[in-house]
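Following: one structure in structure tokens, then a few remarks.
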Amino acid sequence: MESKYTPSLFEAKISDFWEKKGLFTAQVDPKKEPFCIILPPPNANGSMHLGHAMFTYEDIMIRYQKMMGKQTFWLLGLDHAGFETQYVFEKHLKKQGKSRFDYTREELFQTIWDFVMDNKDTIKKQLRRLGYALDWKKEKFTMDPSIVGIVLQTFKDLFDKGLVYRANRLIHYCTSCGTSFSDLEVQYKERIDPLYYIKYGPFTLATVRPETKFGDTALAVNPDDIRYKEWVGQELEIDGLIGPFKIRVIADKAVDPEFGTGVVKVTPAHDFTDYEMAQRHNLPLKQVIGFDGKLNEAAGKYKGLRIFSAREQVVRDMTKKGLIVKIQSDYTHRVGTCYRCGRVLEPLPKEQWFIKVKPLVDDIKKIINKRSLVVYPKRFEKQLVRILDNFIDWNISRQVVWGIRIPAYECQSKKKWFVSLEKPKKCHICGNCDFKQDEDTFDTWFSSSQWPFATLMTESKDIYNYFYPTSVMETGHDILRAWVARMLMIGFFATKQLPFQMIFLHGMVRDGKGQKMSKSKGNVIDPLLLIETYGADALRSALIFGTKEGGDVALSEEKVKGMRNFANKIWNIGRFIEMSSQTNDQSSKHIKNGKKEITENLEKEYESLRREYMINMKKYRFSQALGDVYEFIWHRFADYYLEELKEELKNGNISVLETLKKVYLGNIKMLHPFMPFITEAIGHVFYGEETSLLQIGFK
RNA sequence: GGCCGAUUAGCUCAAUUGGUUAGAGCGCUGCAUUCACAUUGCAGAAGUUGGGGGUUCAAGUCCCUCAUCGGCCACCA
């Protein structure tokens, strides 16, 4: 053994060793208990980042369970990440002076496909460097034909059961990215905008969006507001910027009498609250803003103006007519923005596919209330229940090319929609054969929500039956809502079982000062650089050491360095024991143990450590388990016991050596789930090149 | 506005159901180098556990209150 442990000399070799031995290969063994984790599929549109290194928790669980004798399966997969990928790709195109409009739908799809295939391989290679015990041969991709088939089938099943419907509703739309979003994807940002007090017939009312006034279909006041009681129900004739128009006054509880003047204009096509009011009062929708972000013909002479210039123009014209009473310039409010490009999202009416979530939620809530789903850390269980209670119908239509195209066909003569895995041959209502497939693709989360069962279903029936439902869903708590909750809903719908028995949520990786990592702050740490410099084991254990499960991790280079030092420490302990073994060859005898008390204490301490370790691992207290071994091996075993027993070793006391070896190797095994490379390298020295600690287990 | 979390050494964080003298990593100070390891060892400095109140034989831990920070949700023109 060298005097230093050099990770780069071992890591690649050991990865190959594991795979050659097929240690990660999923198998069905009825005599063994299965343990299965589905990797949260990374987006196939970029490189590995530190967040992916948090999958170390999954690796720890898999390796630990394997060493406990279970039949494990950790399934690798990648996500096409529909809109996200298209966005990244379009930015890419822009650099080359191109845009998506230079391509046909098919060409664009194919080009992104090639781009994604390259990325897929890159990120896979990068993940492999972390030493993950994934079954590398069974890679899945959300766009695999077999997966797509299942996704389409689920959609059809939902449709047939009346849980999917098409409706013209107000949706969040990014006029720059050209697609709609679900409510979960909206990012609200605080903004300061002018609040205009405008004259509106006999009233004055406050609005930040005077440009939408052409889409007003009512005026509303609070039913209890005595100031306006007499007006309710009346129809007014008002002289507007583009001519006179008639408008009705309604009373609705959504109006806050304290805000502004207590009167609001109702613009159902461009505001969510107004839309709801319109539903209650049967008001018509009048769209004045198009999907291009410009005003349309309903806005008369303002047609063609972008929203913000239209606003300026309208305000200017209204000022001229004396219709602006006052402007409050420091009005602070929150607006929905596009989480990718950051621009303000427009509420726009659009025909889209929606999933009815209430019945799906009700089903799984019963099970969760029976406590048959474990959530760790526990506090997230409450959050999950709240999330389920607040789900609203899920808009799954996206106006992007990169994704799974919705299998819905419209009969061109009857304008009726059919959901079918293939293009229908004939409309059974009119007999016509002219169908047009919906241009839209699914929200990426619709395919991700099926990931645990869809991936396993594409394996053999035996594999599916053996490993499904999966054991643990381990992921970041930031996607509890967008992903985990939806997997529960759709997974239960499709398989009549919850897709996993347990949810383990990890926190976010932050920089050494606890700050969020971001490109603009310049504090982003590249995991590959850390691996190259300090080794994968050091990075992995730095993410776990001294943290609390579910909490954020502050990761500094110094911390990784500290763990690298630890790796070197255990390496040198091994080196010392190995050297002592060679000195104490066959000629050594079991001589009288002059340090009997010390070796006995050592064994006692070790046994108690082992017990604690087993309890901690079972209870998912990984950080504690690692911390205890760290403390013991360095500050008890090396600093104290080894120093005390050194003399005895030199005297050729082979029983002391045996005790030391036993305790040391016991610790190496306990460390293996956390630091797989170095422990395996040490294992090779003591157990031979052909043996893996994963096979030896904790025995 | 609602919910949740946090506040512990210079920095980043632990402390498993309340139980010895509150710990670690990094940093800092001093000493040690023909020793398995300087990616080391030994020794050390460093904390009124955010403030205040309460329960208890016993509180970092439980309760109340105040303050500050963070996250999620709702989202009023």
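In what follows, chains are A, B, ... by sequence order, proteins preceding strands, each numbered from 1. Basis for what follows: all heavy atoms, side chains included, without hydrogens, waters or symmetry-related copies. Quick caveat, the model's predicted, so the values are computed rather than measured.
Remark: R575(A) is not in phosphate contact with U40(B), judged by side-chain N or O atoms under 4.0 Å from OP1 or OP2. Between C37(B) and N565(A), no contact under 4.0 Å exists linking OP1 or OP2 to a side-chain N or O. Here K382(A) reaches the OP1 or OP2 of C4(B): one of its side-chain N or O atoms lies under 4.0 Å away.
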Side chain to side chain contact (heavy atoms under 4.5 Å, CB included), that's the test. Do Y173(A) and L345(A) meet it? Break it down for me.
CA-CA 5 Å; Y173(A) 194 91; L345(A) 292 175; over 6 Å; no

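Using a 4.0 Å heavy-atom cutoff across all strands shown, H477(A) reaches no nucleic acid atom at all. Counting non-hydrogen atoms under 4.0 angstrom, F566(A) reaches nothing in the nucleic acid. At the heavy-atom level, V263(A) lies nowhere under 4.0 Å from the strands shown. At the heavy-atom level, T273(A) lies under 4.0 Å from the strands shown only through sugar-phosphate atoms. Within the nucleic acid shown, R564(A) comes within 4.0 Å of at least one base atom, counting heavy atoms only. Here F272(A) lies out of heavy-atom contact (under 4.0 Å) with every strand. Nucleic acid contact class of R386(A) (heavy atoms, under 4.0 Å, all strands): base. K265(A) comes within 4.0 angstrom of no nucleic acid atom, judged by non-hydrogen atoms across all strands. Backbone-only engagement by H635(A) is indicated by non-hydrogen atom pairs under 4.0 Å involving sugar-phosphate atoms exclusively.
Proximity note for N616(A) (side chain, C-beta onward) versus A36(B), G25(B), U16(B): the nearest is U16(B). Closest to the side chain of M579(A), out of A36(B), A24(B), A74(B), is A36(B). For W634(A), the side-chain atoms get nearest to G41(B) when compared with the rest of G41(B), U16(B), U39(B). With distances taken from any side-chain atom of A554(A) to the nucleotides A36(B), C76(B), C13(B), the minimum falls on C13(B).
Within 3.5 Å, a donor on the side chain of K569(A) pairs with an acceptor on the base of C37(B), or the reverse. Taking only distance into account, the side chain of E2(A) never meets the base of A36(B) through a donor-acceptor pair shorter than 3.5 Å. Contact of K4(A) with A36(B) (side chain to base): no donor-acceptor pair of N or O atoms is detected under 3.5 Å. Between the side chain of R379(A) and the base of C4(B), no donor-acceptor pair under 3.5 Å is found.
Toward the 5' end of RNA chain B, the nearer of the two residues N390(A) and T207(A), judged by each one's closest nucleotide, is N390(A). Nearest-nucleotide positions on RNA chain B place T547(A) closer to the 5' end than the other of T547(A) and R334(A).
With a 6.0 Å cutoff to the six-membered ring centre and a 45° limit on the axis angle, R169(A) counts as a cation-pi contact of F354(A). K265(A) forms no cation-pi arrangement with F203(A), by the criterion of a distance under 6.0 Å to the ring centre and an angle within 45° of the ring axis.
Between R636(A) and E605(A), at least one side-chain N (NZ, or NE/NH1/NH2) sits under 4.0 Å from a carboxylate O, which counts as a salt bridge.
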Taking only Watson-Crick and G-U wobble pairs with both distances under 3.5 Å, what dot-bracket line describes RNA chain B, where [ ] shows pairs that cross earlier ones and | shows pairs with another strand?
(((((((..((((.....[...)))).(((((.......))))).....(((((..]....))))))))))))....

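One C1' atom belongs to C73(B), the other to G10(B), and the distance between them is 37 Å to the nearest Å.
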